[in-house]
Protein chains: 2
Amino acid sequence: MKEGPDIARIGTLIGDPARANMLTALMGGQALTATELAQAAGVTLQTTSSHLSKLEDGGLISQRKQGRHRYFALADTQTGALLEAIMGFAASRGHLRHRPGPKDPALRKARVCYDHLAGDYGVRMLDSLIASGAIRADGTELSLTPEGKRRLSEVGITLTAPTSSRRPLCKSCLDWSERRSHLAGVVGKALLAHFLGKGWARRSDDSRAVLFKPEGERMFLSLFPAGPTAPDA
Amino acid sequence: MKEGPDIARIGTLIGDPARANMLTALMGGQALTATELAQAAGVTLQTTSSHLSKLEDGGLISQRKQGRHRYFALADTQTGALLEAIMGFAASRGHLRHRPGPKDPALRKARVCYDHLAGDYGVRMLDSLIASGAIRADGTELSLTPEGKRRLSEVGITLTAPTSSRRPLCKSCLDWSERRSHLAGVVGKALLAHFLGKGWARRSDDSRAVLFKPEGERMFLSLFPAGPTAPDA
DNA sequence: GGAATGCTTCGGCTACGATCGAACTATGAA
DNA sequence: TTCATAGTTCGATCGTAGCCGAAGCATTCC
């Protein structure tokens, strides 16, 4: 009777409604913060923290620290496949829940991530910068090349005293809507500031969305042409 | 946040140790009485009765009255496949509840997976069938070739009305101890029944292990020679 | 009929774990 | 420095689910 793998442990982890909600939210493939997961699960941050550590101990999720944020994601594709299988089984037995409303497409297109650009456009921008040789990706590390420095000054971006701050020039940041990295750091901040300062885009009043004007969108797309999609850092 | 299938319900059902023990016992493929399941789970009959009604409500098991007995079994092969998948996942995360005891090697060598053969021998059998051209692997899909059909009838296995059932002839099932696929489906079931019927092997009384007799083992090994290890389906 | 077996239902006990408030740590911004 | 945000840890509460004893059906055997 005490043979084989401990399925009860996996079952218990998935069996709590709050944890199931978190895992379901993570099935989107996006890495989410604890705060976002708390909202998804409908519990407080303290409770969420407890659940997340249990899920991590159980090997269902993994976390990635990034500044004062912690991004949580499913541990691997095998975990996603398992959840998918259980969902399929539950559906086949008629165990369904309710349905909510849609999400804001503008947020997914372009939004502010603290101080830099995220979303589809943010990911596209980093891809393009890497493809054109302005930024060199070495694992998770990003570094600005001389060529990149030249291009920035061409556009009119001057970097203020790089050594004064401990903050790195370039940094990769995980994108929750795209599940890929976008550009953070001093350069990322400067680029977003540039777009806003030039009037290419403006921030939404009631959300983190960045709304591009038609001409700004044209400028952005020509400045960062979509190259061959690079593998994510 | 409340979208999609209710995986928490399935998780809760599997998450209780007593219920997990019962389900594991039922993975042997045989229908068991409430008393037998109570023994397997290590709880009293009253408690078992409560668990069984929950499992039945959840669609994981079904019961069949027969005289003053009630036989409980897994609801269907899909349920068996789900449990096997969870076992594989749990094993991959190191969630094992056994202390490596004497029964363990026997289980890893050959065991019953609901209604077909699993373990080292199960994996070997499928490898051999594919290598000899009896079964064709196309991604995850397995199909019986005319050559395979011929070989089966040679051995004395006749498949009953293939079109009457929606159940596929051949199906791959992930093996938790080997982390590779073994043969499920109608053919997998028929082969196991053949081994047991011919007296090549017998089922262990107290576990899912399949115990081969020396001559049965010789027959098995000659029937399914180890070829070059094929990449897993 | 009565006794025995197989299982379910009822009721009360208990323990575990989910929950949140409050305090604490860490990172970033002004 | 001070303030704000993100998250963890601690402590206490509380609900629920698992558990078993006892009683209640149901079936079979004598």
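First the proteins, then the strands, lettered A, B, ... as listed; each starts at 1. Both backbone and side-chain heavy atoms feed into the values below; hydrogens, waters and symmetry mates do not.
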Could you give the [atom1]-to-[atom2] distance, from [X] to [N], as a whole number of Å?
| X | N | atom1 | atom2 | answer |
| --- | --- | --- | --- | --- |
| Leu55(B) | dT8(C) | CG | P | 12 Å |
| Ile61(A) | dG7(D) | CD1 | C1' | 13 Å |
| Phe72(A) | dA6(D) | CZ | P | 14 Å |
| Lys65(B) | dA26(D) | NZ | C1' | 7 Å |
| Gln63(A) | dA6(D) | CD | P | 16 Å |
| Asp57(A) | dG17(C) | CG | P | 13 Å |
| Arg70(A) | dG28(C) | CZ | P | 12 Å |
| Met22(A) | dG7(D) | CE | C1' | 13 Å |

### Message
Classify the ring geometry of His116(B) against His182(B): parallel below 30°, tilted from 30° to 60°, perpendicular beyond 60°.
### Response
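Answer is tilted, since the angle falls between 30° and 60°.
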### Query
Is any NZ, NE, NH1 or NH2 atom of the basic residue among Glu56(B) and Arg64(B) found under 4.0 Å from an Asp or Glu carboxylate oxygen of the other?
no
### Query
Is it true that Glu154(A) and Arg150(A) make a salt bridge, defined as a side-chain N closer than 4.0 Å to a carboxylate O?
yes
### Message
So Thr35(B), base contact, sugar-phosphate only, or nothing? Heavy-atom distance under 4.0 Å.
### Response
sugar-phosphate
### Message
Categorize Thr48(B) for me: base, sugar-phosphate, or nothing, with a 4.0 angstrom heavy-atom threshold over every strand shown.
### Response
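Nothing, no nucleic acid heavy atom in range.
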Do the non-hydrogen side-chain atoms of [X] and [Y] ever get within less than 4.5 Å of each other?
| X | Y | value |
| --- | --- | --- |
| Leu117(A) | Arg124(A) | no |
| Leu83(B) | Leu60(B) | no |
| Met22(B) | Phe72(B) | no |

Tabulate protein N/O versus nucleotide N/O from nucleotides 19-22 of chain C, keeping only pairs under 3.5 Å, one per line.
{"residue": "dT19(C)", "atom": "OP2", "partner": "His51(A)", "partner atom": "NE2", "Å": "2.5"}
{"residue": "dC20(C)", "atom": "OP2", "partner": "Thr44(A)", "partner atom": "N", "Å": "3.1"}
{"residue": "dC20(C)", "atom": "OP2", "partner": "Thr44(A)", "partner atom": "OG1", "Å": "3.1"}
{"residue": "dC20(C)", "atom": "OP2", "partner": "Thr47(A)", "partner atom": "OG1", "Å": "3.1"}
{"residue": "dG21(C)", "atom": "N7", "partner": "Gln46(A)", "partner atom": "NE2", "Å": "2.4"}

### Query
Hey, is the side chain of Arg19(A) poking within less than 4.0 Å of OP1 or OP2 on dA18(C), counting only N and O atoms?
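Yes, Arg19(A) has a side-chain N/O under 4.0 Å of OP1/OP2 on dA18(C).
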### Task
Kindly check if the number of other-residue, nucleotide or ligand heavy atoms within 6.0 Å of CD (Glu215(A)) is above 12?
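Not buried by this count: 12 neighbours or fewer within 6.0 Å.
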